[in-house]
Structure formats: C-alpha cells, structure tokens
Amino acid sequence: MYKVKDIKLAPQGKLQLGWAEMHMPALIAVRAELERSKPLKGVRIAACLHITKETGVLMRTLKAAGAIVSIAAANPLSTQDDVAAALASEGISIFAWKDETQKEYDDCIERALANNPQMIMDDGSDLHATLHKRGSTKLIIGGTEETTTGVIRLKAMENQKVLMYPVVAVNNAHTKYLFDNRYGTGQSTVDGIIRATNIFISGKVAVVAGYGWVGRGVAMRLHGMGARVIVTEVDPFRALEAVHDGFEVMKMEKAAKAGDIFVTATGDINVITTAHMKSMKDGAVVSNTGHFDVEIDAKGLRKMARQQKRIRQHMQEYTLPNGRRIYLLAEGRLVNLGAAEGHPSEVMDLSFCNQVLSAVYVYQNRKSLQNKVYSIPLEIDQRIARMKLKSMKIDIDRLTKQQQEYLNQWAHGT
Ligand code: ADE
C-alpha cells in the first residue's frame, strides 16, 4: 500500500537511490551483512523520517534485514517525490509527498501506524508521542530516535515515568552528532539558504541562534564562505566557546538590528519574535534549521505584515508596518530539508548505520532492555567509525599492548 505524489516518478527515484548508495559505503556493507543474517525477519517497523534518497537507502537496508516497513514523512516539506515513488514501487508501504497540509501529514502518520508496528523508527518523536498519547504501546518492543529534539521529548517522557518501551537515542552516538548535526547541517543549511535566495554569503552579517552541534556547524560554514558571524546563546559554556571560536556573541535583541541572514538552531520556541523582526534591516533573510517550525514567530510575522508576496520557491516576502521587508525561507520550517535536500549521503551513511544497527540492537536485546532512553553501545559506535574510515581507505594506529598497560596503571608519574 502506498500514497505518493506520482508513481511514474519511480525510475528517476531509483537513479537517485543509486547515486546515494554510491556515497553510502558503510551502510551498504552493513546491508550485505544483514541480508545474510536477517536479524529483523518479519519484524513490523513503522518509521517517520524525512523521505530523502538517503532514507531510501536505509529502507532498502531494513528490507534486506527482513523487516516489514511502513513509513511517513517527518516534515510536510521534506519529501522527495521521486524517491517516495521508487520506494513504493519496491513494495515499501509509504505515505508521503512534498507540501503536505497539516491534516495530510497527520493522516500519513496514521497510515504508517496502521501496520500494527512492533518497532518505531522516528525523527522528532512524533510517532513515539502519538502512540503514548493514545496509550497504544502494548505491541511495541522498542524503538529508535534520530534527532536532538526527539531525544529531548523522550527524555521528558522517561523522567515523567511514562515511557512505555526502550528507545535507542541514535542522536547520542559519536558517529551521529559529531558529523550529521555539525557538518551535515552546516552544509545543508547553507545549501538551503542559497537555493532559496541565491544571495552572496560573503560579506554578509549572519546571525546563528544556538551554539549546540548544529549551530556550531552552521556558524563554521557561514564563516567559511566569508560571512561575519554573530552567535546568540543562553548557555554560558556554549557562549564562551563561541567567543573562543572567534565569533561575536550578543543578545538577539542587539543581533536582530545587525544581521542580514538569520538561522535558528536552538530547538526552542520564539527565538526570533515579532519584536526582533520589527528591528531588523530591510531585506533581512530569516530561516530555521531546528526540527520544528517553532523557533521563528512566523504566525506573528504573517499577522503583523501589511503585505506578503511569494518571490521565489521557498521564499516569502513580508512587508512590515514600518515599510521594511523580511524574507522568510521554507515557511520557517527546516530550511535544509525544505529548500534543499537535507544532508548529503556521505554523512547520512554514518547516521543510518546507527539507525539500522540500533534497531537490530533493540530487537535482539528486547528481553533485557527497560523502558528507558539508551545510547547506542560504544562498540557499535566505534565499529561504524572504523567501517567509515575503511571505506575512505584511511588506516589509523592501534594502541600497542605496552601502551594499553600504561593507560591502566597509576603508579608511574613524573
Ligand atoms: N536529516 C537531515 N538530512 C537528511 C537526509 N538527507 N535524509 C534523511 N534525514 C535527514
């Protein structure tokens, strides 16, 4: 069963999948292994992920491992319709298309859940939250969660003792957050801003709100392209780190007046308010790369604007009562997936090795895991890093026995 924009796009989608596979060697190696052992044979998995060519490679891998997958999109704007069609043509139950309305988005999630899943694979925790809200978690063995925002939601559930099955926080793996969150979002966010606007980054003042792994990557890449970067933060350690990385740090109230380009990456609500937008320069470009569209008060912007106009795909112009124009990208949703194609395959290779191996781990350890949020075991994380290095033909040193012994003793000092 499927519901996609146009099944005739499948041949183009398959070409995209082939291109992604060429750049995801670690996941292909994992697939070869799981195809033989079939550790997820007959396991029904419902997934809620961005439907990109990289997710397509993950779906093929889960299928090779024996799983029966049904999937919906993790964002109304992020689906690549050709990829969705290709997956539908390969027998994956998929319910997703680009530019879903909120109602369609919710309906697609319902359809993905209609296969009575035993496991949940999520990005943002909409599936986990939906199942918990309606108390229908009885069949669920466990799940995985891709992203920082989703892990924060799950941690809140764990702390309130309402989490009803074990979940592996894929996001916590070194081979996830150090690469996907930082370098993946760094590149794909700048990619989204450029595709939406085609503005010159060099010489602009860019304001990055939040200096977590995502904010760091975005600030680093914007700086690399010649922008003068300002960081806003609430955490004193992160603010200090940003200063020592060479960025100006100030309150948003002040940064709002100085910036040409804004990117929110905090995971929290109302980071850019209407008051901030009123003080921005004429022509300011405002975007978000956090998971949910809550960081910029887009509703408030629409309400206060005296005129709005679609200038290009993924770019809306709002004229404020003071006559200045603000350009909002991708409706304030994830700009990297709404206006571009998300992270490139090379980095999703690492993230999705973690996804599939976490799913296998949860399934194989279902009798011993408790209703908690787990990190992926370090051995699996390290194995993924080694596989990736191998695929890049990079060899690294190993500790000698003597070095290992030295690290385990305490008697030798100065
Ligand atoms: N999140 C960010 N980039 C992505 C991609 N290319 N595929 C799936 N999820 C993503």
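Worth knowing before you read on, the calculation uses all heavy atoms, side chains too, and leaves out hydrogens, waters and symmetry mates. First listed ligand is number 1; within each ligand, the first listed atom is number 1. Everything numeric in this text was worked out from a predicted model, so none of it was measured.
For the pair Glu145 (side chain) and Ser125 (backbone), a donor-acceptor distance under 3.5 Å is present.
Around OH of Tyr2, the count of heavy atoms belonging to other residues, nucleotides or ligands within 6.0 Å does not exceed 12. In the displayed structure, Lys204 atom NZ is contacted under 6.0 Å by more than 12 heavy atoms of other residues, nucleotides or ligands. Atom NZ of Lys299 has 12 or fewer neighbouring heavy atoms from other residues, nucleotides or ligands inside a 6.0 Å radius.
The contact shell of ligand 1, taken as protein residues with any non-hydrogen atom closer than 4.0 angstrom, comprises His50, Thr52, Glu54, Thr55, Leu337, Glu341, Gly342, His343, Met348, Phe352.
The list of ring-ring contact (aromatic ring centres under 6.0 Å, His included) pairs with a residue in residues 6-40, not counting sequence neighbours, reads Trp19-His23.
Between Lys372 and Glu158, none of the side-chain N atoms (NZ, or NE/NH1/NH2) sits under 4.0 Å from a carboxylate O, so this pair counts as no salt bridge.
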